[in-house]
Amino acid sequence: MSSAAPEQDPTPQEVADREREEKERKAKEDAEQAQLPYKWTQTIRDVDVTIPIPATIKGRDMDVVLTKTKIKVAIKGQEPFIEGDFPHIILVDESSWTLETTSKPPGKEVSIHLDKVNKMEWWPHVVTSAPKIDVSKITPENSSLSDLDGETRAMVEKMMYDQRQKETGGMTSDEQRKANILKKFQAEHPEMDFSNAKIG
């Protein structure tokens with residue numbers, strides 16, 4: 001049972017309103033993203049973009065530009081599918097694009113892999129001119145936390161834990177660690193007076 005005072009619990013009406021708002025926000029976001037001529041997904045480390053194109057197109061027909069801060073993908077002589085500035089910089093050497101044949105129409109797709117320089121932030125969009133998604137609603141499950149190497153994963157989990165603790169007014173993991181070290185030290189040195197010790 002939650003120990004919060006009853007007046008702090010949202011009423012069923014408030015919960016329903018919040019859920020409805022969230023559904024509407026998500027539906028609007030999905031609709032905006034569905035309008036884009038490309039699809040994109042991301043993990044905390046990278047972004048993948050796919051663009052369906054006609055099966056007759058070959059690699060040499062494509063005009064693809066990837067720089068640290070910009071992207072352009074077009075069929076030569078046509079309007080770009082995507083063009084603009086990234087919200088954050090990418091590692092160009094680790095990023096790539098390929099042309100793949102698919103079983104679904106129109107028959108081929110351009111697949112673009114972008115490696116983020118900052119492995120600790122979500123992108124609200126691929127290019128700054130596109131509609132944003134609400135990155136605060138991304139759950140790390142989608143980002144496959146399990147794919148991260150141990151160190152990065154521990155760092156992400158610590159950041160998420162600290163963020164949650166901050167929001168609920170609890171101790172961050174560092175403060176907790178300091179408190180535990182002090183406790184252990186106190187236990188080992190009962191003769192010392194720690195009543196005025198400050199943790200910080």
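Below, each value reflects all heavy atoms present in this structure, side chains not excepted, and no hydrogens, waters or symmetry copies. FYI, the numbering just counts along the sequence from 1.
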Exercise. Is atom CG of Asp174 surrounded by more than 12 heavy atoms (other residues, nucleotides or ligands) closer than 6.0 Å?
Worked result: yes
Problem set entry | Any side-chain heavy-atom pair of Leu36 and Pro131 under 4.5 Å | yes
Exercise. Do any N or O atoms from the side chain of Glu14 and from the backbone of Thr11 form a donor-acceptor pair under 3.5 angstrom?
Worked result: yes
For this session: List the steps and the verdict of side chain to side chain contact (heavy atoms under 4.5 Å, CB included) for Arg177 and Asn180.
Result: CA-CA 5 Å; Arg177 196 169 50 86; Asn180 291 344; 5.6 Å; no
For this session: Determine which pairs satisfy side-chain hydrogen bond (donor to acceptor under 3.5 Å, both in side chains) with at least one residue from residues 46-56, sequence neighbours left out, and list them in order.
Result: Thr43-Asp46, Asp48-His113
For this session: Could I get the full list of side chain to side chain donor-acceptor pair (under 3.5 Å) partners for Lys116, not counting sequence neighbours?
Result: Gln42
For this session: Applying salt bridge (Lys or Arg N to Asp or Glu O under 4.0 Å), run through Lys23 and Glu19 and close with a yes or a no.
Result: CA-CA 6 Å; Lys23 270 207 188 75; Glu19 280 175 2; 5.2 Å; no
Exercise. Is the backbone of Arg60 close enough, under 3.5 Å, to the side chain of Lys76 for a donor and an acceptor to pair up by distance?
Worked result: yes
For this session: Could you go through the salt bridge (Lys or Arg N to Asp or Glu O under 4.0 Å) check for Asp61 and Lys58 one step at a time?
Result: CA-CA 5 Å; Asp61 303 323; Lys58 298 190 168 45; 5.8 Å; no
Per-pair distances, 0.1 Å, donor-acceptor, side chain in residues 65-73, under 3.5 Å, sequence neighbours excluded:
from, atom 1, to, atom 2, distance (Å)
Thr67, OG1, Thr69, N, 3.3
Thr67, OG1, Lys70, N, 2.9
Lys70, NZ, Asp85, OD1, 2.5
Lys72, NZ, Asp63, OD2, 2.9

Exercise. Short question: side chain of Ser129, backbone of Gly84 - any donor-acceptor pair under 3.5 Å?
Worked result: no
Exercise. Sequence neighbours excluded, which residues qualify as salt bridge (Lys or Arg N to Asp or Glu O under 4.0 Å) partners of Lys184?
Worked result: Glu188
Problem set entry | Counterpart residues, ring-ring contact (aromatic ring centres under 6.0 Å, His included), relative to Phe86 (two or more places apart) | Trp123
For this session: Assess the side chains of Glu109 and Ser111: does a donor N or O sit below 3.5 Å from an acceptor N or O?
Result: no
Problem set entry | Step-by-step side chain to side chain contact (heavy atoms under 4.5 Å, CB included) determination, Arg20 to Glu24 | CA-CA 6 Å; Arg20 197 188 65 247; Glu24 282 168 7; 3.5 Å; yes
Problem set entry | Within residues 121-133 or reaching into it, pairs that qualify as salt bridge (Lys or Arg N to Asp or Glu O under 4.0 Å) - sequence neighbours excluded | none
Exercise. Are any of the side-chain nitrogens in Glu21 or Arg25 under 4.0 Å away from the carboxylate oxygens of its partner?
Worked result: no
Problem set entry | Listed partners of Gln13 passing side chain to side chain donor-acceptor pair (under 3.5 Å), at least two apart | Asp17
For this session: Calculate, to the nearest 0.5 Å, the distance between atoms CE and NE2 belonging to Met120 and His88 respectively.
Result: 13.5 Å
Exercise. Roughly how far, to the nearest 0.5 Å, is CG of Leu114 from CZ of Arg45?
Worked result: 15.0 Å
Seminar exercise, completed: Residue pairs meeting ring pair (Phe, Tyr, Trp, His ring centres under 6.0 Å), one or both in residues 22-80, sequence neighbours left out, come to none
Problem set entry | CA sep, side-chain torsions, deciding dist, call: Ile90, Asp115, side chain to side chain contact (heavy atoms under 4.5 Å, CB included) | CA-CA 6 Å; Ile90 64 160; Asp115 205 60; 5.8 Å; no
Exercise. Apart from Leu91 itself, what residues make up its hydrophobic cluster, given side-chain heavy atom links below 4.5 Å?
Worked result: Ile89, Val117
Exercise. Which ILVMFWY residues can you reach from Ile181 by hopping between side chains whose heavy atoms are under 4.5 Å apart?
Worked result: none
For this session: Taking the side chain as every heavy atom from C-beta outward, state whether Lys108 and Pro54 have any pair of such atoms under 4.5 Å apart.
Result: no
Problem set entry | Side chains of Glu83 and Val127 in contact at under 4.5 Å (non-hydrogen atoms) | no
Problem set entry | Qualifying ring pair (Phe, Tyr, Trp, His ring centres under 6.0 Å) pairs, either residue in residues 50-82, two or more places apart | none
For this session: Measure across Val110 and Trp97 and return the closest heavy-atom pair with its distance rounded to 0.1 Å.
Result: CG1-CE3, 3.9 Å
Seminar exercise, completed: Lys26 meets the salt bridge (Lys or Arg N to Asp or Glu O under 4.0 Å) criterion, sequence neighbours left out, with Glu29, Asp30
For this session: State whether the number of non-hydrogen atoms from other residues, nucleotides or ligands found under 6.0 Å of Lys119 atom NZ is greater than 12.
Result: yes
For this session: Locate the shortest heavy-atom distance separating Pro37 from Pro52; write the atom from each residue and the value.
Result: O-CD, 3.8 Å
Exercise. Do Ile51 and Ile112 come close enough that some side-chain heavy atom pair is under 4.5 Å?
Worked result: yes
Exercise. Going by an N to O cut-off under 4.0 Å, is there a salt bridge joining Glu22 and Arg18?
Worked result: no
For this session: Can you measure from NZ (Lys183) to NZ (Lys178) and round to the nearest 0.5 angstrom?
Result: 15.0 Å
Seminar exercise, completed: NE2 (His125) and CD1 (Ile133) are apart, to the nearest 0.5 Å, by 9.5 Å
